[in-house]
2 protein chains.
Amino acid sequence: MGRLSIGELARKTGVHIETIRYFEKIGMLGAPARTAGGHRVFDDGHLRTLKFIKRARELGFAPKEVRTLLDLGGPAEACCDEVREIAIHHLEEVRRKIDDLTRLERHLTATVEQCSGGHVPDCAVIDMLETARP
Amino acid sequence: MGRLSIGELARKTGVHIETIRYFEKIGMLGAPARTAGGHRVFDDGHLRTLKFIKRARELGFAPKEVRTLLDLGGPAEACCDEVREIAIHHLEEVRRKIDDLTRLERHLTATVEQCSGGHVPDCAVIDMLETARP
DNA sequence: CCTTGAACCTATATCTACTACAGGACGTAC
DNA sequence: GTACGTCCTGTAGTAGATATAGGTTCAAGG
């Protein structure tokens, strides 16, 4: 059973020390044990949880969703149904975002291609930005 | 030449009154004229600029990029080259984001399909989140 | 045992990009 | 001239961290 200082935990997870303390403060990560002198002592559970949080954030889950997932996944009892719902909801948002970005990508590509790159007063990019959306 | 109150400007652009004052404060939007009593009086230039800002933000340009675009596009002199560079950089980021989200979408879809939806202790979604990225 | 320096502690402030008050002044229509 | 909507400034709040200041603890070397 590993006993980790906050610095070791930070190195193992890639999460900033200040952010770990912040997560503890807002209740995202449980309060760890302390040494006699007051230094935090984390265990493998904290390591697992912090990795989980980091990965979920990287995958685009909102902090509130992460919290819910932690609440559900923690005791591992009322699992799949609710977890699944959050994941599906997230999936829908991801698909919507991909659509939006793809449209923007096409628009930007076309615009940049039009752009001569010279010092002309007319610029396709500026024009695009000045044109109100229909 | 239109003379707009802050409220009219807000209605015409869809930007909140407080946000307009905020844009003025941070120098994103030029300071307007004032009535004798101190009320702001905007003109068509402000309207154009604010619409520009709004549209650029909607298209995902970062505030700093918007500011640079305004600086470049304002006097319309050193135009295309730099504008083009910002647009291309933005385009690259958009493409990267699309790739990331597409991978996530595939991953989530596969995971949710695996998920029975019952009350089993093993949950594919939780598993996915607990598995560290290679 | 004692020193030294890295790591840690709390508390507060800062950041971005806004949004939301509170309490008062202005402007215009009747 | 008065009522009411709009506007003013200034301050505070939001999320989600990140950074700083000033002090304490831990661990390794002498």
Side-chain angles (χ1 to χ4, degrees), chain A residues 2-43 46-47 49-71 90 93 129, chain B residues 2-43 46-47 49-71 86 90 93:
Chain A
R3 292 172 56 81
L4 303 159
S5 73
I6 196 168
E8 289 164 336
L9 186 61
R11 272 189 297 280
K12 288 202 177 192
T13 57
V15 177
H16 287 172
I17 286 179
E18 295 89 349
T19 308
I20 294 172
R21 285 197 281 249
Y22 168 71
F23 282 162
E24 181 190 334
K25 203 179 78 181
I26 63 167
M28 185 84 95
L29 191 65
R34 299 277 187 148
T35 65
H39 286 202
R40 287 171 180 81
V41 182
F42 297 92
D43 58 31
H46 292 106
L47 181 61
T49 304
L50 191 52
K51 277 185 179 168
F52 182 97
I53 294 169
K54 202 198 171 203
R55 177 133 167 87
R57 296 289 289 118
E58 280 171 359
L59 291 176
F61 285 85
K64 273 184 193 175
E65 291 177 321
V66 176
R67 207 183 278 259
T68 310
L69 286 171
L70 283 172
D71 290 348
H90 186 52
E93 290 215 335
L129 289 164
Chain B
R3 292 172 56 79
L4 303 160
S5 73
I6 196 167
E8 288 164 337
L9 187 60
R11 271 189 297 280
K12 287 202 177 193
T13 56
V15 177
H16 286 174
I17 285 179
E18 294 89 350
T19 308
I20 295 173
R21 285 197 281 249
Y22 168 73
F23 283 163
E24 181 189 335
K25 203 178 77 180
I26 64 168
M28 185 83 96
L29 190 64
R34 298 277 186 150
T35 65
H39 285 201
R40 287 170 180 82
V41 182
F42 297 91
D43 59 30
H46 291 107
L47 180 61
T49 304
L50 191 52
K51 276 185 179 169
F52 182 98
I53 294 169
K54 202 198 172 205
R55 177 133 166 87
R57 296 289 291 118
E58 281 171 358
L59 291 175
F61 285 85
K64 273 183 192 173
E65 292 176 321
V66 175
R67 207 183 279 257
T68 309
L69 286 171
L70 283 172
D71 290 347
I86 293 174
H90 186 52
E93 290 215 337

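Throughout, protein chains are lettered first and strands after them, A, B, ... in sequence-line order, and every chain is numbered starting at 1. Predicted model, so just to flag it, every value in this text is computed and none were measured.
Side chains of B:Leu47 and B:Phe42 form no contact here, defined as non-hydrogen atoms less than 4.5 Å apart.
Atom CG of residue A:Asp43 and atom CZ of residue A:Arg3 lie 9.0 Å apart, to the nearest 0.5 angstrom. If you take CZ on A:Arg57 and OG1 on A:Thr19, they are separated by 11.0 Å, rounding to the nearest 0.5 Å.
Contacts of A:Ile17 classified as side chain to side chain contact (heavy atoms under 4.5 Å, CB included), with partners at least two apart in sequence or in another chain: A:Ile6, A:Ala10, A:Arg21. With sequence neighbours left out, B:His90 forms a ring pair (Phe, Tyr, Trp, His ring centres under 6.0 Å) with B:Phe61. Remark: A:Glu65 pairs with no residue by the side chain to side chain donor-acceptor pair (under 3.5 Å) rule, at least two apart or across chains. Checked against side chain to side chain contact (heavy atoms under 4.5 Å, CB included), A:Arg11 has the following partners two or more places apart in sequence or in another chain: A:Glu8.
The separation between B:Glu24 atom CD and C:dA17 atom C1' is 17 Å, rounded to whole Å. Between A:Ile20 atom CD1 and C:dC9 atom C1' the separation is 14 Å, expressed in whole Å. For B:Leu50 and C:dA17, the CG to C1' distance is 15 Å, given to the nearest whole Å. Atom CZ of B:Arg11 and atom C1' of D:dC7 are 12 Å apart (whole Å). One can place CG of B:Leu4 at 11 Å from P of D:dC7, the figure rounded to the nearest angstrom. Going from atom CZ of A:Arg34 over to atom P of C:dC8 covers 12 Å, rounded to whole Å. Whole-Å rounding puts the A:Lys54 NZ to D:dA17 P distance at 12 Å. Separating the CZ atom of B:Phe61 from the C1' atom of C:dA17 is a distance of 18 Å, rounded to the nearest angstrom.
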Identify all pairs in which a protein N or O lies below 3.5 Å from an N or O of nucleotides 18-24 of chain C, and state each distance.
from, atom 1, to, atom 2, distance (Å)
C:dC18, OP1, B:Arg57, NH2, 3.3
C:dT19, OP2, B:Thr19, OG1, 2.4

Any N/O pairs under 3.5 Å between the protein and nucleotides 27-30 of chain C? List them or say none.
from, atom 1, to, atom 2, distance (Å)
C:dG27, OP1, B:Thr35, OG1, 2.8
C:dG27, OP1, B:Gly37, N, 3.4

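Comparing B:Phe42 and A:Lys64 along DNA chain D, the residue whose closest nucleotide (by nearest heavy atom) sits nearer the 5' end is B:Phe42.
In this structure, B:Ile26 reaches neither bases nor backbone, as no heavy-atom distance under 4.0 Å exists between it and the strands shown.
Phosphate proximity of C:dT10 to A:Arg40: present, with a side-chain N or O under 4.0 Å from OP1 or OP2. For A:Ser5 and C:dA7, the shortest distance from a side-chain N or O to OP1 or OP2 is not below 4.0 Å.
Shown are A:Thr13, A:Leu29, A:Val41; of these, the side-chain contact (heavy atoms from CB on, under 4.5 Å) with A:His46 is made only by A:Leu29.
A:Gly14 and A:Lys54 get closest at one heavy-atom pair: O-CE, 4.1 Å.
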